[in-house]
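Just so you know, these numbers use all the heavy atoms, side chains as well, and skip hydrogens, waters and symmetry mates. Source: prediction; values computed, not measured.
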Amino acid sequence: MATASEKVRLFRHVERGFYDETGSINIENLRKELGLTLEQIAKAVGKNIRTLQKNSHSRAIQQRLIQIVAVLTLLNELIDNPQEGQVWLNAPHPDFAGMTPKQLIVEGKAQALVDYLNEIRTGALR
C-alpha cells in the first residue's frame, strides 16, 4: 500500500482535473486553467479548431497536450502559490527572448518550458 506522500507524487499530474476517465486530457479544463481560447489551444497543438474538436483524443493531439500539462505540473512542484504560477506564465521572461511562457505554449513550444523547468527542478539551471 502506498504512503500518502507516494500517492500524492503518483497522482500529481492528474490532480487538477485535466484528465477525463479515459485518461485523455480534457481540453476545456486545460484551456480554462491557462486562460486561453480554443484557437490558441489549437495553435499550440499545431491543428486547426475543427481538427482539434473532432479528434481531441488522437495520439498526436494528446501528446502535445501532455507537454502543456507537464509545464503546469512542474510549475506546481516548484512553487507553492497558484497566483505566482499565473504571474510566471504571463510575465515576459528574459530567458525566452522576452516572450511569456504562455506565449511559448501557444507557439507550440511547451517542451522547451518542460526542459527549462526540469533544469530548475534538478538544480542544473541556477
Side-chain angles (χ1 to χ4, degrees):
M1 182 76 122
T3 67
S5 64
E6 290 168 335
K7 199 175 244 189
V8 167
R9 180 147 172 80
L10 180 65
F11 286 97
R12 76 176 194 270
H13 71 289
V14 296
E15 68 191 27
R16 295 166 109 178
F18 295 132
Y19 291 86
D20 64 21
E21 63 280 351
T22 69
S24 293
I25 294 172
N26 181 306
I27 292 172
E28 189 60 20
N29 290 352
L30 182 60
R31 185 191 72 71
K32 286 178 183 176
E33 176 74 18
L34 286 168
L36 297 176
T37 65
L38 193 56
E39 292 86 2
Q40 289 172 310
I41 292 290
K43 184 176 180 182
V45 300
K47 304 292 181 188
N48 63 45
I49 294 174
R50 184 173 161 91
T51 301
L52 180 64
Q53 291 174 320
K54 192 174 179 182
N55 301 310
S56 66
H57 294 308
S58 77
R59 183 173 173 86
I61 290 173
Q62 286 293 310
Q63 288 292 70
R64 298 294 295 271
L65 293 172
I66 286 168
Q67 292 174 347
I68 298 169
V69 169
V71 170
L72 298 174
T73 300
L74 287 165
L75 189 57
N76 194 43
E77 276 185 28
L78 292 167
I79 58 171
D80 295 327
N81 184 327
Q83 288 79 18
E84 288 177 348
Q86 288 301 317
V87 170
W88 186 83
L89 286 167
N90 289 298
H93 199 292
D95 288 342
F96 310 132
M99 292 180 70
T100 69
K102 194 181 285 188
Q103 287 172 315
L104 288 174
I105 289 170
V106 172
E107 292 299 319
K109 298 177 181 171
Q111 187 59 50
L113 293 171
V114 170
D115 295 342
Y116 181 84
L117 293 169
N118 268 324
E119 287 179 0
I120 290 172
R121 189 171 57 89
T122 62
L125 186 65
R126 296 192 188 269

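- Transitive grouping of hydrophobic side chains (ILVMFWY, heavy atoms separated by less than 4.5 Å) keeps L34 and V87 in distinct clusters.
- Side-chain atoms of N26 come within 3.5 Å of backbone atoms of N29 as a donor-acceptor pair (strictly under, hydrogens ignored).
- To the nearest 0.5 Å, the span separating CD on Q62 from OG1 on T22 amounts to 7.5 Å.
- Listed by chain and number, the residues in a side chain to side chain contact (heavy atoms under 4.5 Å, CB included) with Q67 are R64, A110, Q111 (sequence neighbours excluded).
- Between the side chain of R31 and the backbone N or O of T37, no donor-acceptor pair lies under 3.5 Å.
- Summarising the geometry, atom CG belonging to L113 is positioned 9.5 Å from atom CG belonging to L75; distances are rounded to the nearest 0.5 Å.
- With sequence neighbours left out, the side-chain hydrogen bond (donor to acceptor under 3.5 Å, both in side chains) criterion links K102 to N90.
- Note that CD1 of I25 and CG of L30 are 6.5 Å apart. Values are rounded to the nearest 0.5 Å.
- Heavy-atom neighbours of N81 CG from other residues, nucleotides or ligands within 6.0 Å: above the threshold of 12.
- Of all heavy-atom pairs spanning Q103 and M99, the tightest one is OE1-CA, 3.2 Å.
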field: Chi angles and distances behind the side chain to side chain contact (heavy atoms under 4.5 Å, CB included) call for Q86, E33
entry: CA-CA 9 Å; Q86 288 301 317; E33 176 74 18; 4.2 Å; yes
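- Under the 4.5 Å side-chain criterion, counting only non-hydrogen atoms from C-beta, I120 is not in contact with L74.
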Can you list, pair by pair, the side-chain donor-acceptor contacts under 3.5 Å of residues 41-48, counting residues two or more places apart and other chains?
| residue | atom | partner | partner atom | Å |
| --- | --- | --- | --- | --- |
| K43 | NZ | E107 | OE2 | 3.0 |
| N48 | OD1 | R50 | N | 3.1 |
| N48 | OD1 | T51 | N | 2.7 |
| N48 | OD1 | T51 | OG1 | 2.9 |

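- The heavy-atom pair separating A91 from P101 by the smallest distance is O-CD, 3.4 Å.
- The CD1 atom of I61 sits 12.0 Å away from the CD1 atom of I66 when rounded to the nearest 0.5 Å.
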- request: Give the C-alpha distance, both sets of side-chain angles, the deciding distance and a yes or no for side chain to side chain contact (heavy atoms under 4.5 Å, CB included) between Y19 and V69.
  value: CA-CA 10 Å; Y19 291 86; V69 169; 4.1 Å; yes
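- Taking the six-membered ring for Trp and thresholds of 30 and 60 degrees, Y116 and W88 have nearly parallel ring planes, at less than 30 degrees apart.
- Between the CG atom of L65 and the NE2 atom of H57 there is a distance of 10.5 Å, given to the nearest 0.5 Å.
- Here L104 contributes atom CG and I68 contributes atom CD1; the two are 11.5 Å apart, rounded to the nearest 0.5 Å.
- Pairing each heavy atom of G98 with each of P92, the nearest pair is O-CB, 3.1 Å.
- Among the candidates L89, I105, L117, the single residue satisfying the side-chain contact (heavy atoms from CB on, under 4.5 Å) test with L72 is L89.
- A side-chain donor-acceptor contact under 3.5 Å links D20 to the backbone of G23.
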